[in-house]
There are 2 protein chains.
Amino acid sequence: MPRAPQDVTDAELAILQRLWDEGPSSVRILAERSYGKCNASQHATVQKLLERLEAKGCVRRDRSTWPHTFSSAIGRDELIGRQLQQTADKLCAGSLQPLISHLVRSAKLSEEDRQSLRGVLANLVEENKKNAKK
Amino acid sequence: MPRAPQDVTDAELAILQRLWDEGPSSVRILAERSYGKCNASQHATVQKLLERLEAKGCVRRDRSTWPHTFSSAIGRDELIGRQLQQTADKLCAGSLQPLISHLVRSAKLSEEDRQSLRGVLANLVEENKKNAKK
DNA sequence: TGCATTTCAGACAGCACGTCTGCATCATAG
DNA sequence: CTATGATGCAGACGTGCTGTCTGAAATGCA
């Protein structure tokens with residue numbers, strides 16, 4: 001049984017983080033921020049990672065500029081969701097509920113965290129009522 | 001930069017699931033449940049996976065019986081926690097809070113789910129008050 | 001003792017992933 | 001237009017993980 005490739009690799013993630021933090025960039029900018037005074041092969045490495053990220057739909061490439069400008073196609077939050085769904089698939093038959101209850105039970109929540117959670121829950125109840133009405 | 005090995009591999013996880021579902025077992029039982037009428041090499045494969053799981057502290061081996069009896073050393077919930085912490089480390093600088101808020105916001109929660117969540121939250125508040133008192 | 005089962009150590013192939021090389025392409029200066 | 005330097009692109013490579021497999025030693029039993 002062959003192994004399944006990861007959706008976003010560690011090195012790829014490092015690039016994504018930079019795009020999230022610093023916005024659209026060229027390959028050179030990204031490479032220099034990562035390596036500092038990058039040489040040719042390091043430059044090519046970053047380019048390859050971007051190419052793979054683009055193939056995975058995680059990065060957009062603007063070919064109208066020169067050099068090309070890369071920007072993230074998914075947000076941090078979206079990637080979090082994918083990762084969570086992945087662990088849910090592996091460990092909970094796809095259900096996210098066990099993850100939630102685990103987190104709420106085990107995580108050290110600050111008072112603000114609990115407040116915001118209660119708020120979100122209340123909103124959910126509201127929306128639910130609306131949906132039920134119509 | 002070398003890649004980091006996974007903590008629990010897919011094939012290893014399949015073995016763990018069986019131990020969780022069916023309790024302590026011998027290698028043969030596990031192999032037959034996985035392959036059905038397993039041959040020698042499949043038997044050895046399961047053995048190797050158990051050996052690696054033991055090295056990772058996920059499986060206990062009782063060498064006083066013959067054949068050895070294997071049982072899971074960690075629960076499903078504990079592994080969930082490890083996975084969650086891992087994604088938190090990668091995407092949220094180690095904080096679990098963003099994971100919680102993402103789940104509560106995005107997941108399709110049933111009415112019971114929300115009820116139980118509210119209950120857990122209330123309990124947390126209670127405990128917090130107690131801790132604050134003493 | 002002979003036989004079947006299990007354990008153990010190690011080898012192996014396939015592949016993911018990060019890296020690197022060579023060449024084509026483009027923009028700009030002179 | 002040509003020279004020059006930066007960039008894009010396609011593909012190869014090494015390392016090491018992962019699942020699988022082989023062979024021999026160890027164990028229990030008739």
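Every chain is numbered from 1 and lettered A, B, ... according to where its sequence line falls, protein lines coming before strand lines.
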Item to complete: Produce a footprint string for nucleotides 25-30 of chain D: one letter per nucleotide, 5' end first; B if the base is under 4.0 Å from any protein heavy atom, S if only the sugar-phosphate is, - if neither.
Response: --BS--

Worksheet item: Just to confirm, is there a sub-4.0 Å distance from OP1 or OP2 of dG19(D) to any side-chain nitrogen or oxygen of T9(B)?
Response: yes

Kindly give the atom pairs (protein nitrogen or oxygen, nucleotide nitrogen or oxygen) under 3.5 Å for nucleotides 12-14 of chain C.
unit_1, atom_1, unit_2, atom_2, d
dG14(C), N2, R3(A), NH2, 2.1
dG14(C), N3, R3(A), NH2, 3.4

Worksheet item: Counting just side-chain N and O atoms, does Q6(A) come under 4.0 Å of either OP1 or OP2 of dC17(C)?
Response: yes

Worksheet entry | Heavy-atom side-chain contact between L19(B) and L30(B) under 4.5 Å | yes

Worksheet, complete the sentence: Atom CG of D10(B) and atom C1' of dC17(D) are separated, to the nearest Å, by 12 Å

Item to complete: Go through the side-chain N and O atoms of S34(A) and R18(A) and say whether any donor and acceptor fall under 3.5 Å apart.
Response: yes

Item to complete: Measure the distance from NZ on K48(B) to C1' on dC21(D) and round it to the nearest whole Å.
Response: 10 Å

Worksheet entry | Protein-nucleotide distance (L50(B), atom CG; dA9(C), atom C1'), rounded to Å | 16 Å

Worksheet entry | Sorted by number, the residues of residues 27-47 of chain B with heavy-atom contact under 4.0 Å to DNA chain D | Y35(B), S41(B), A44(B), T45(B)

Practice prompt. Give the rounded distance in Å between these two atoms: CD of E51(B) and P of dT7(C).
Written response: 11 Å

Practice prompt. Establish, with yes or no, whether the OP1 or OP2 oxygen of dT7(D) is under 4.0 angstrom from a side-chain nitrogen or oxygen of R63(A).
Written response: no

Worksheet entry | Euclidean distance, I15(B) CD1 relative to S72(B) OG, rounded to 0.5 Å | 12.5 Å

